[in-house]
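All residue numbers in this chain count up from 1 along the given sequence. For ligands, and for the atoms within them, numbers begin at 1 and follow the listed sequence.
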Amino acid sequence: MVETHKVESLTELNQKLPELQHRNFRNDDFWKSIPGWANVTREEFADHMWQQKNSIRKIEQVRKVLGKLATPELMADMEDGQRKTPMNIRITPYIFSLIDWENAWDDPLRKQFLPLGSQFLPEHPLHMSDSLSEDEDSPVPMLTHRYPDKVLFLPTTLCPVYCSYCTRSRIIGGSTESVDKSSYGANQKKWDDVFEYLRNSPLVEDVVISGGDSFMLTPAQIKYIGESLLNIPHIRRIRYATKGIAIFPQKITSDHAWFKALCEVNELGRSFGKSVVIHTHFSSPREITKWSQMAMERIFSAGITVRNQAVLQNGVNNDVSDMVLLTRKVGFMNIQPYYVYMHDMVPGCEHFRTTLREGIELEKAVRGTTAGFHTPTFVCDLPGGGGKRHVASYEYYDEENGISVWKAPYVKPGDVFTYVDPIHKLSKEAQDRWQDPATAKKMIEEAKKKVTG
Ligand SMILES: *Cc1c(COP(=O)(O)O)cnc(C)c1O
Ligand code: SF4
């Protein structure tokens with residue numbers, strides 16, 4: 001709470017200087033501009049149960065709460081979006097009411113959670129539902145073991161919101177008109193098999209608990225997973241992944257049982273000399289308000305480190321001023337910006353992807369704007385399971401055709417990987433070349449040959 005005081009006393013200065021914009025945290029009753037929530041009080045809005053109960057899960061609910069803001073064109077386009085997207089709808093009232101509904105077509109938050117049919121593009125010929133080969137590198141269900149000393153554990157496939165750009169759309173949330181999924185909820189028996197595998201894997205020191213989202217685990221499950229992992233002697237670090245702080249901060253500030261469970265795992269970790277942290281996922285500075293800051297004050301004062309992983313998205317954050325503002329704002333709340341990911345090559349996302357060049361240019365622009373330890377590394381998680389690589393560390397980049405070629409000497413020695421830029425950002429001639437499968441195949445082979453000799 002001390003922090004809030006300091007920030008408030010700076011407000012006047014912050015408003016005068018554009019370079020201090022990142023210190024302004026929105027604190028108006030913004031949800032009251034949504035006709036269906038015009039009478040919702042601050043107390044109700046602050047309650048995680050209210051947020052959960054009023055989360056939007058169907059187009060019908062969008063229409064209902066928006067009232068006169070739901071124009072027929074917008075709603076028809078959104079319905080068309082539901083026929084194309086691989087993700088279900090789920091969105092908290094918090095994020096829903098931060099969308100600028102008067103300007104919904106361009107709104108970066110609307111784009112992330114409520115896609116419009118007219119904004120989808122044809123798939124890239126090289127897209128893959130499991131772009132990172134997580135299933136292939138899975139020794140037991142719910143676990144991906146690609147790197148020698150760290151693993152990715154997916155204890156649930158449920159999330160408090162569903163992102164249209166999700167890299168795990170093959171499993172996350174329920175089935176949609178375009179994808180059948182084998183999603184799963186919490187399952188202690190299967191988790192025990194994961195813990196057994198980890199007990200027998202002495203090289204593993206680091207566990208990412210992702211999914212899905214840790215906000216969907218009960219307090220007992222947070223503790224069960226945390227204690228089971230911390231009790232394995234060679235495991236030194238665990239991270240709970242949740243987009244929650246970004247899209248549902250009211251859970252941190254009002255779900256005391258959940259927060260207490262997290263603190264207890266953190267304290268147990270500390271008593272063992274091990275690290276317990278949260279990895280969260282803010283992608284746009286527009287997601288950040290006073291509510292985010294209040295959630296972070298609670299987490300920070302409990303001594304828990306939080307890092308941020310953002311996904312680079314066309315029309316959402318692929319702009320220097322947005323990326324700088326996101327980095328500074330996140331840093332100001334004591335969250336360490338960790339990664340900005342190039343968008344994975346998953347279905348239904350061609351409109352979200354950017355070129356590798358854009359990633360490299362954004363990295364250059366962001367570096368130097370704030371502390372080095374608050375500067376994210378821009379990475380490309382290589383399609384086919386090569387792991388994460390710095391965006392500028394490609395071996396060869398044919399920018400004309402949008403083909404980059406990479407190596408991952410430690411993770412997959414000897415292998416060569418390719419990442420491709422979205423076709424709509426290429427020249428007309430290059431777009432035509434991609435239309436012909438034989439020409440496309442030849443371009444890819446030629447690019448690879450530059451590296452393999
Ligand atoms: C991203 C990832 C990790 C964690 O990697 P860091 O670079 O340490 O954040 C671990 N396993 C898999 C399979 C991953 O994709
Ligand atoms: S919160 Fe993460 S796992 Fe869940 S839908 Fe969004 S991107 Fe996917």
- Message: Please check: side-chain N/O of D107 versus main-chain N/O of D100, any donor-acceptor pairing under 3.5 Å?
- Response: yes

- Query: Taking the six-membered ring for Trp, are H279 and Y240 ring centroids under 6.0 Å apart?
  - Reply: no

- Message: What I want to know is whether D206 and ligand 1 share at least one N or O pair that is separated by under 3.5 angstrom.
- Response: no

- Is K251 close enough and on-axis enough to F259, meaning under 6.0 Å and within 45°, for cation-pi? no

- Item | Taking atom 2 (Fe) of ligand 2 as the reference point, the nearest protein heavy atom with its distance | H281 ND1, 4.3 Å

- Answer with yes or no after comparing the ring centroid distance for F30 and F45 against a 6.0 Å cut-off, counting only values under it. yes

- Task: Using only heavy-atom distances, determine whether the side chains of D344 and T167 contain a donor-acceptor pair under 3.5 Å.
- Result: yes

- Measure from the ring center of W291 to the ring center of F25 and say whether it is less than 6.0 Å. no

- Message: For a side-chain contact (heavy atoms from CB on, under 4.5 Å) check, start with the C-alpha distance between Y162 and I172, then their side-chain angles and the critical distance, and finish with the verdict.
- Response: CA-CA 8 Å; Y162 290 123; I172 302 294; 3.6 Å; yes

- With atom 4 (Fe) of ligand 2 as the centre, enumerate protein N/O/S atoms below 2.8 Å in chain and residue order. C159 SG

- Query: What atoms of ligand 1 come within less than 4.0 Å of a heavy atom belonging to K150?
  - Reply: 4 (C), 5 (O), 6 (P), 7 (O), 8 (O), 10 (C)

- Item | atom 12 (C) of ligand 1: nearest protein contact (heavy atom, Å) | Y147 CE1, 3.7 Å

- Task: Please identify which atoms of ligand 2 are closer than 4.0 Å to at least one heavy atom of M87.
- Result: 5 (S)

- Message: Closer than 4.0 Å to some heavy atom of T144 - which atoms of ligand 1 meet that?
- Response: 13 (C)

- Query: Do the ring planes of W101 and F96 sit parallel (below 30°), tilted (30 to 60°) or perpendicular (above 60°)?
  - Reply: tilted

- Query: N/O of Y339 under 3.5 Å from N/O of ligand 1, yes or no?
  - Reply: yes

- Taking heavy atoms and a distance under 4.0 Å, where does K388 meet ligand 1: side chain, backbone, both or neither? side chain

- Provide the number and element of each atom of ligand 1 under 4.0 Å from a heavy atom of Y338. 6 (P), 7 (O), 8 (O), 9 (O)

- Parallel, tilted or perpendicular: which describes the rings of H281 and Y165, with under 30° parallel and over 60° perpendicular? perpendicular

- Message: Test of understanding: given a 4.0 Å heavy-atom threshold, classify the contact between R239 and ligand 1 as side chain, backbone, both, or neither.
- Response: side chain

- Under 3.5 Å: donor-acceptor pair, side chain of S393, backbone of H390: yes

- Task: State which residue, out of K111, K425, E350, fulfils the side chain to side chain donor-acceptor pair (under 3.5 Å) condition with N314.
- Result: K425

